[in-house]
Colleague: 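Sharing a structure here in structure tokens format.
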Amino acid sequence: MTRTTYTCTCGARLEYRQDLEKESGLAAPTWKCTDCGTPVPGQIAEKVSHQHPS
Ligand SMILES: [Zn+2]
């Protein structure tokens with residue numbers, strides 16, 4: 001399976017669920033960088049949120 005990683009504008013590398021902060025929204029949850037709180041694009045966040053360190 002392909003691993004998705006995303007580099008936030010603050011420089012943090014978002015690779016696992018724990019790197020994201022979930023904020024419940026009305027329609028869909030918003031995912032944010034735990035370091036700086038910048039929203040992460042939804043499609044990327046969805047993939048990253050399913051990744052866990054083995
Ligand atoms: Zn960040």
Side-chain angles (χ1 to χ4, degrees):
M1 213 172 96
T2 309
R3 175 165 287 179
T4 300
T5 57
Y6 175 73
T7 304
C8 181
T9 51
C10 74
R13 201 168 73 129
L14 310 179
E15 188 174 7
Y16 302 118
R17 168 66 182 90
Q18 67 207 41
D19 300 326
L20 298 171
E21 187 175 324
K22 188 177 188 180
E23 192 170 280
S24 297
L26 291 173
T30 301
W31 297 90
K32 294 179 174 182
C33 168
T34 53
D35 279 6
C36 68
T38 298
V40 176
Q43 278 192 323
I44 294 165
E46 275 300 317
K47 289 178 182 171
V48 172
S49 70
H50 290 112
Q51 294 178 164
H52 300 270
S54 60

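Atoms within a ligand are numbered from 1 in the order they appear, just like the ligands themselves. Counting from 1, the numbers follow the sequence of the chain as shown.
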Colleague: Once you round to the nearest 0.5 Å, how far does CZ of R17 lie from NE2 of H50?
Modeller: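 If we round to the nearest 0.5 Å, R17:CZ and H50:NE2 are 9.5 Å apart.
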Colleague: Pull up every protein N/O/S atom sitting under 2.8 Å from the Zn ion (ligand 1), skipping waters.
Modeller: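 Per the 2.8 Å query on the Zn ion (ligand 1), atoms found are C8 SG, C10 SG, C33 SG, C36 SG.
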Colleague: Quick one: CD on E46 to CH2 on W31, what's the gap to the nearest 0.5 Å?
Modeller: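 With rounding to 0.5 Å, CD (E46) is 6.5 Å from CH2 (W31).
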Colleague: Sequence neighbours left out, what pairs pass salt bridge (Lys or Arg N to Asp or Glu O under 4.0 Å) with at least one residue falling in residues 25-40?
Modeller: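 As it turns out, the salt bridge (Lys or Arg N to Asp or Glu O under 4.0 Å) pairs with a partner in residues 25-40, which skip direct neighbours, are E23-K32.
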Colleague: Under 4.5 Å between any side-chain heavy atoms of P53 and Q18, yes or no?
Modeller: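 With C-beta onward as the side chain, the pair touches.
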Colleague: Quick one: do Y16 and L14 end up in the same hydrophobic cluster if we chain Ile, Leu, Val, Met, Phe, Trp and Tyr together by side-chain heavy atoms under 4.5 Å apart?
Modeller: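 Result: no, two separate clusters.
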Colleague: Is there a side-chain contact (heavy atoms from CB on, under 4.5 Å) between V48 and T5? Walk through the geometry before answering.
Modeller: CA-CA 7 Å; V48 172; T5 57; over 6 Å; no
